[in-house]
Amino acid sequence: MPIGIDEIRRGRYVAAGLVALLIATDISAQPSRQRTYANPIDIDYRYNFEQHNEGISYRSGADPVIVVQRGEYYLFETIGDGYWRSRDLGTWQHITPSRWPLTDIVAPAVLSVRDTIYVLPSTTSPLPILMLTQPATGRVEFYNRLLPWLPMARDHEAGPFALAKPDSVQPGPWDPQFFHDPDTERWFLYWNSSNVYPLNVIELDKTKRLAYKGTPHWLFGLDPEKHGWERFGQDHRDTTTRPFIEGSWMTKHGGRYYLQYGAPGTEYNVYATGVYVGDNPLGPFTYAPYNPVAYKPGGFVQGAGHGNTFQDVHGNWWNTGTPWIAVNWNFERRIGLHPAGFDGDGQMYVDTRFGDFPHWLPTRAYRKRDELFTGWMLLSYHKAATASSARDSFPASNVTDENPRTFWVAGQNRPGESLTLDLGRAYEVKAIQVNYADYKSGLYGTDSTVVTRFRLHASIDGRQWKTVADLSREQRDRPNAYIELSTPMRARFVRYEHIHVGAANLAISDVRVFGNGDGSRPATPAGLTARRDRDERNAIITWQAVPGIVGYNVRWGISPSKLYETYQRFADQGTTLELRALTVGQAYWVAIESFDENGVSTVSSAVPIR
């Protein structure tokens, strides 16, 4: 029976990677910088080849790692056909490397230490470790020509309900991650992606080109009976499948070791990052009571698990993650980037509040965790949209529903097709994000013909138009094109004018318009209640509706001063939320705020969840 690549991602069979020499492309200067970004990040996500034989075409990006080398940022991810370079975290340039595995890389271990970036793809058999000392040039060399076999590895994967035994580990390492302790100069490798085995760690011998030193240590697995957010499925509701622990990342802060992991599954809105904390890189580790640390189950971009935590050149903390799309394939995904940090008590947090609205790119060290949110609000939610043409079942109205799994498909993929949004009244428009979808795209790789070209126009009256963005000469693919207007423009109407996409069909999931209205900010929701269920992993949150708004942020955490978690809800989703991400025995508090085109309300007083 054939075995798919996605089963490799879950560590279900043994496959070796091959390394080939490729020709590096010329690297041109980056375009002019903008001041803001919005999730999903705007990179040229690559068309995936893995489902070519099944005729399933889609773009994807996942399992990101961003590292800093010589003051610049380098992004590595799954099936990227190389990596990306940026000077500001906003504009990314794809680099085709001189040497890369023939079947690309999945969920790589990546670490920058001094003048070298080390890369190890996920694998179930020995592979080389690659190194980059001049990453801007695309030159990739071997650091270790071949790792030895992983000690204690099983000959084959255990069955889906087999009990793992502590005298063995899975073939691997799959979902690996390097850690270098700067205070001791010791090296470690953390890894695993399994719903049977826990995370593992093994020390590495730098004097032997990072060969394994000793034997693997078992660390911890998931405990969904106590940790509500670790339950599998959409909104944590799948009781038939064991959840997966994967995507480890180690951060040392304040002398303590924060071992992060992704759970419960990448193909759902609740994919999140948790953390255990210890005093030794080999453990033992203690479950953090404030888990999950990165959680974004609502809004346009959903999912925040399996990424990494890093500091930018100004010292600010960031966390990357893997939002889901899952239109053509369960593993059709994107990449998210959120501000992160550690509070005065050492509690780690990732700020996903307004996590798919525009944020400032870092230009200095910021003092407050929400300082990077621009305050530019969503102006386009459920606003009227018309199109030059549309195929049945794919109407223009889909482009303003804030759902990447619904989309408009033009009658033909030809220049001149258009979408026009009526915002209902005039606003100060500051940014526009055009999110494309793949509908029978017929592409299984990205080449020079796969570019995104369009123009954006704005108008106050729908008759006289001004071009606010011209990408008619764009030379890269931009599936999630984010455009910050060079000058804010007062407008009621926004028009997308199509020029070119490489896909067979022109499909757009959402045209998202950001800016500000002239009115007062909305009222704070009243009547907030929070009731813990008999199953302590769940709680019912209710509040009174605020008329005419766009949505609500339910903010929760382990104390009134630590409401670091956010669950975004649109107003038409009602005023009741079942929160299914709580830890048994842990106390929680919750507050709420509303938002519309004019701004954000004052947050309510926090109430305990009882």
- Report the C-alpha separation of Asn53 and Gln51 in whole Å, then their side-chain angles, then the decisive distance to 0.1 Å, and conclude whether the side chain to side chain donor-acceptor pair (under 3.5 Å) test is met. CA-CA 6 Å; Asn53 293 331; Gln51 281 70 47; over 6 Å; no
- Task: Dump the intermediate steps for side chain to side chain contact (heavy atoms under 4.5 Å, CB included) on Trp318 and His338, then the final yes or no.
- Result: CA-CA 6 Å; Trp318 296 85; His338 301 286; 5.8 Å; no
Parallel, tilted or perpendicular: which one describes the rings of [X] and [Y], with boundaries at 30° and 60°?
X      : Y      : answer
Tyr496 : Phe454 : tilted
Phe407 : Phe394 : parallel
Trp360 : Trp376 : perpendicular
Phe373 : Phe357 : tilted
His236 : Tyr295 : parallel
Phe342 : Trp317 : perpendicular

Do any N or O atoms from the side chain of [X] and from the backbone of [Y] form a donor-acceptor pair under 3.5 angstrom?
X      : Y      : value
Arg512 : Asp356 : yes
Ser122 : Val106 : yes
Arg99  : Val140 : yes
Gln302 : Pro323 : no
Asn505 : Ala507 : no
Tyr118 : Val113 : no
Asn48  : Arg59  : no
Asp175 : Trp191 : no
Lys206 : Lys208 : no

- Query: Is the number of heavy atoms from other residues, nucleotides or ligands within 6.0 Å of NZ (Lys252) greater than 12?
  - Reply: yes
- Message: With a sphere of 6.0 Å drawn around CZ of Arg145, does it hold more than 12 non-hydrogen atoms of other residues, nucleotides or ligands?
- Response: no
Just by distance, with hydrogens left out, do [X] and [Y] show a side-chain donor and acceptor under 3.5 Å apart?
X      : Y      : answer
Asn308 : Asn319 : no
Asp438 : Ser57  : no
Asp81  : His94  : no

- Query: Is the NZ or CZ atom of Arg209 positioned over Tyr143's six-membered ring, under 6.0 angstrom from the centre and within 45° of the axis?
  - Reply: yes
- Compute both the distance and the angle, then confirm whether Arg334 meets the cation-pi test with Tyr45: under 6.0 Å from the six-membered ring centre, within 45 degrees of the axis. yes
- Task: Flag the pair Glu72 and Arg87 as a salt bridge only when some basic side-chain nitrogen lies within less than 4.0 angstrom of an acidic carboxylate oxygen.
- Result: yes
- Message: Set out, in order, the CA-CA distance, both residues' side-chain angles and the distance that settles side chain to side chain donor-acceptor pair (under 3.5 Å) for Gln260 and Tyr276, then state yes or no.
- Response: CA-CA 7 Å; Gln260 299 137 67; Tyr276 278 65; over 6 Å; no
- Task: Assess the pair Phe76 and Tyr83: is the distance between their ring centroids shorter than 6.0 Å?
- Result: yes
- Between Tyr261 and Trp229, ring centroids under 6.0 Å: yes
- Hey, what do you get for OG1 (Thr78) to NE2 (His306), rounding to the nearest 0.5 Å? 6.5 Å
